[in-house]
Amino acid sequence: MSRMIRLGVLLPVMLLAVTGCALSHKRTDMNAFNAHRPRSILVVPVVNETTELSAPGVFMSTLTAPLAERGYYVFPVYLTEMLFRDLGLSEAGHIHQLPPQRFYDLFGADAVLFVTIKDWSTKYIVINSSVVVSMHYQLKDTRTGEVLWERDGGAVHSSGGAAGGNPLAMLVVAAVSAAVNAVATDYRPLARQANGLVFLPPKGLPAGPYHPAYQMDGAEFE
Amino acid sequence: MDTGRFAARFHGLPVVVILAASLAGCAKPGLYDWGDYEDQLADRYAKEDAAGSELALREQMARYQTGGRRAPPGFYADYGFLLFRRGEDAGAIAYFEKEKQTYPESRALMDKLIEKVRQKSQPKPEPADVPAVPQDGKP
């Protein structure tokens, strides 16, 4: 009996140790980021690969808070978009093609965040529906053009108990479902959830200069 | 020590840790007081109308000035831009300055915006090497 309990304790610990090894294996991923350590991030207008015209505006409104809460100076996104427009750059696709140094010249930003919306839809399968948001995030250094950090992120909300007994997933579903069940789908809770996950450890952005953990959380990141 | 009891005690630990972690997650106040920043930003994108958010911005500003948490990045710049579009140049400059003082990272952009507002206020034929600000300043 006691041996079984001991195994029950050891197994999760061993599993943790194994995943721990797997994680630390990829640490080189953050080398470029750690070499440049940006203080400020310019979020440029997002490229929308979906047919949902409202997606970029809705998504942009959810992006500043989680980035700033990581401790970075985030340039005001709406003002940024207006300034680009005034320069004749109203197409996000064209802005994403600019040499990264331009963002330093124009805004004095240390890093620029490019986001592409890959999916932003409600899918119906028989009587179940699932709401999906999916994004690609890429952060580049404005002086060297180097990619500092790059991730895919997203969130799914399924109606009809797709959480499958996972308590955490069920919590998320419960939190999101009120909004999703409204007449017009409110994608913001999902966008927030996706942004919340993508910027946090272990795969997110290390704490920036306005965060109390600045330069002290290196071990938390892959 | 009785290994069985020790193991059983140890067994409950992860649950406690997870519970504590999730509670801490709820209670964490965050670095900034965002007010309804996201809502009014979404409105601005949807309706291309900044005027509607002015009242909300003013209410938020009052909280920051009465000793609340620091205004989030971009807040003062946003407000200054709103004033600029309405033609209140002096107010616009004051808030661009405030953004710069609060967040030195914004210095380069704020200096360009201030320069732009000044050029508009005292029209002199000078070639602009700064990024232009939308010219539809008047409502």
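In the text below, chain A, chain B and the rest are named by the order of the sequence lines, each starting its count at 1.
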Rounded to the nearest 0.5 Å, what separation is found between the CZ atom of Phe81(B) and the CE atom of Met82(A)? 7.0 Å

Here the pair of heavy atoms bringing Phe75(A) nearest to Glu105(B) is CZ-O, 3.9 Å

Arg44(B) side, atom CZ; Glu81(A) side, atom CD - distance, nearest 0.5 Å: 11.5 Å

Please indicate whether Tyr214(A) has more than 12 foreign heavy atoms, meaning atoms of other residues, nucleotides or ligands, lying under 6.0 Å from its OH. yes

Shortest non-hydrogen contact between Leu106(A) and Leu109(B), atoms and distance: O-CD1, 4.0 Å

Please find the pair of heavy atoms, one from Leu31(B) and one from Glu69(A), that lie closest to each other, and give the distance. N-OE1, 2.5 Å

In terms of ring plane angle, is the pair Tyr73(A) and Tyr103(B) parallel, tilted or perpendicular, where the classes change at 30° and 60°? tilted

When only pairs under 4.5 Å are counted, which of Pro104(B), Pro72(B), Ala42(B) shares the most heavy-atom pairs with chain A? Ala42(B)

Between Arg70(B) and chain A, with a heavy-atom cut-off of 4.5 Å, which part of the residue counts as in contact: side chain, backbone, both or neither? side chain

Greater than 12 external heavy atoms within 6.0 Å of Arg143(A)'s CZ: yes

Exactly one of Leu63(A), Thr62(A), Val77(A), Val58(A) should register a side chain to side chain contact (heavy atoms under 4.5 Å, CB included) with Leu41(B). Which one does? Val77(A)

Test Thr64(A) against every option in Tyr32(B), Tyr37(B), Phe75(B) by the side chain to side chain contact (heavy atoms under 4.5 Å, CB included) rule and name the one that passes. Tyr37(B)

How far does NZ of Lys116(B) sit from CG of Asp86(A), to the nearest 0.5 angstrom? 8.0 Å

Write down the atom of Glu38(B), the atom of Ser61(A), and the distance for their closest heavy-atom approach. CG-O, 3.1 Å

Phe59(A) versus chain B, the contacting section by heavy-atom distance below 4.5 Å: neither

